[in-house]
Engineer: 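Here it is: the structure, laid out below.
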Amino acid sequence: HQLNWYRFIGRVLGKALYEGILVDVSFAGFFLAKWLGKQSFLDDLASLDPELYQGLIFLKNYADLGTTRTVELKPGGSSIPVTKDNRLEYIYLVSYYRLTGQIKKQCDAFFEGLSEIIDPKWLRMFNQQELRILVGGAEEPIDVDDWRANSVYGGLFDENHPTVNMFWNVVESLDSQRRGQLLRFVTSCSRPPLLGFKELNPKFAIRDAGVDTSRLPTASTCIPLYSDEETMRKKLMHAINSGAGFDLS
């Protein structure tokens with residue numbers, strides 16, 4: 001049953017890739033390497049288990065091992081002590097177990113689901129960094145002018161409405177972190193679309209939410225007819241810092 005969840009997550013991520021929808025998640029380097037059919041090595045362990053990685057590096061470079069421990073990493077391994085002579089083999093086997101053996105069933109299920117949507121050969125056109133960007137977007141500043149130029153309006157609002165102008169004034173005054181939080185609140189991802197906001201589907205939309213200024217903005221995005229920028233800022237900050245998503249009102 002648990003493997004079905006991994007398979008389902010693979011399908012969801014494949015669907016997001018197919019539709020060009022960014023996902024606000026950062027996969028570890030060793031896991032992205034698996035997407036590309038590459039083998040994982042000791043250095044990849046740092047992205048999965050930093051403490052174990054540091055311990056194995058210490059073991060690799062330490063001259064006097066002192067006390068020994070035994071592990072069943074290969075047939076009969078429990079009867080083989082870790083020594084100076086075989087410690088490199090031990091390090092390799094521990095790394096392989098953590099990066100591949102221990103999570104093989106879960107990874108196989110995930111990639112089975114992913115491959116139902118995206119042919120793996122297309123993913124192998126990219127390197128790990130390109131694949132990371134393809135899934136979650138690039139860490140780059142949000143272009144507010146581009147965002148505004150590719151927005152649509154509804155209800156009482158148009159691009160020249162006073163409340164709309166107040167909204168964009170507030171957005172322009174935000175630092176990059178706050179802009180990212182706002183974008184995540186309304187699109188579920190804090191990074192802008194790869195080819196600009198013209199590629200955002202559906203378009204970023206703003207419509208009026210009535211005259212009840214006690215209400216917060218919603219992720220739809222619906223904004224009450226606030227009377228001043230300070231109120232707009234306070235309500236917007238409260239909304240994006242609340243940790244809620246598309247149901248906040």
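Keep in mind that what you see is a predicted model, and the values were worked out from it rather than measured. Below, each value reflects all heavy atoms present in this structure, side chains not excepted, and no hydrogens, waters or symmetry copies.
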Engineer: For a 4.5 angstrom cut-off between non-hydrogen side-chain atoms, does F167 reach L236?
Structural biologist: yes
Engineer: How far does OG1 of T218 sit from CZ of R207, to the nearest 0.5 angstrom?
Structural biologist: 10.0 Å
Engineer: Which pairs with one or both residues in residues 138-159 pass salt bridge (Lys or Arg N to Asp or Glu O under 4.0 Å), sequence neighbours excluded?
Structural biologist: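 Qualifying pairs: E139-R191.
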Engineer: Show me the pairs that pass salt bridge (Lys or Arg N to Asp or Glu O under 4.0 Å) and involve residues 29-57, at least two apart or across chains.
Structural biologist: D49-R98
Engineer: Would you check, one step at a time, whether the test side chain to side chain donor-acceptor pair (under 3.5 Å) holds for S214 with D212?
Structural biologist: CA-CA 5 Å; S214 66; D212 183 2; 2.5 Å; yes
Engineer: To the nearest 0.5 Å, what is the distance between CG on L183 and CG on D24?
Structural biologist: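 Separation between the atoms: 9.0 Å.
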Engineer: Where do C189 and G136 come nearest, in terms of heavy atoms and distance?
Structural biologist: SG-O, 4.0 Å
Engineer: Does anything in residues 12-22 form a side chain to side chain donor-acceptor pair (under 3.5 Å)? List the pairs, not counting sequence neighbours.
Structural biologist: K15-E19
Engineer: What residues form a side-chain contact (heavy atoms from CB on, under 4.5 Å) with T163, not counting sequence neighbours?
Structural biologist: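 Expected list: F157, H161, M166, I223, L225, M232.
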Engineer: Walk me through whether Q181 and R184 qualify under side chain to side chain donor-acceptor pair (under 3.5 Å).
Structural biologist: CA-CA 5 Å; Q181 288 177 316; R184 185 180 187 280; over 6 Å; no
Engineer: What pairs of residues pass the ring-ring contact (aromatic ring centres under 6.0 Å, His included) test when at least one of them lies in residues 126-150, not counting sequence neighbours?
Structural biologist: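 For residues 126-150, and leaving out neighbouring residues, the ring-ring contact (aromatic ring centres under 6.0 Å, His included) pairs sorted by first residue read W147-W168, W147-F197, W147-F204.
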Engineer: Taking only residues at least two apart or on different chains, which pairs with a member in residues 103-125 satisfy salt bridge (Lys or Arg N to Asp or Glu O under 4.0 Å)?
Structural biologist: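 Every salt bridge (Lys or Arg N to Asp or Glu O under 4.0 Å) pair that includes a residue of residues 103-125, provided the two are not neighbours, is R7-E112, R11-E116, K104-D108.
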Engineer: Taking C-beta and beyond as the side chain, do P217 and K235 meet within less than 4.5 Å on heavy atoms?
Structural biologist: yes
Engineer: Assigning hydrophobic clusters by single linkage (Ile, Leu, Val, Met, Phe, Trp, Tyr; side-chain heavy-atom cutoff under 4.5 Å), is L17 placed with F8?
Structural biologist: no
Engineer: Do R233 and N169 have side-chain N/O donor and acceptor atoms under 3.5 Å apart?
Structural biologist: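 No donor-acceptor contact under 3.5 Å links the two side chains.
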Engineer: So how far is it from I103 CD1 to Y97 OH, rounded to the nearest 0.5 Å?
Structural biologist: 10.5 Å
Engineer: Which label fits F27 and F31: parallel for a plane angle under 30°, tilted from 30 to 60°, or perpendicular past 60°?
Structural biologist: tilted
Engineer: Applying side chain to side chain donor-acceptor pair (under 3.5 Å) to N127 and R132, what does each step give before you reach the verdict?
Structural biologist: CA-CA 9 Å; N127 61 35; R132 190 191 306 274; over 6 Å; no
Engineer: Do you know which two heavy atoms are closest between P192 and A138, and how far apart they sit?
Structural biologist: CD-O, 4.4 Å
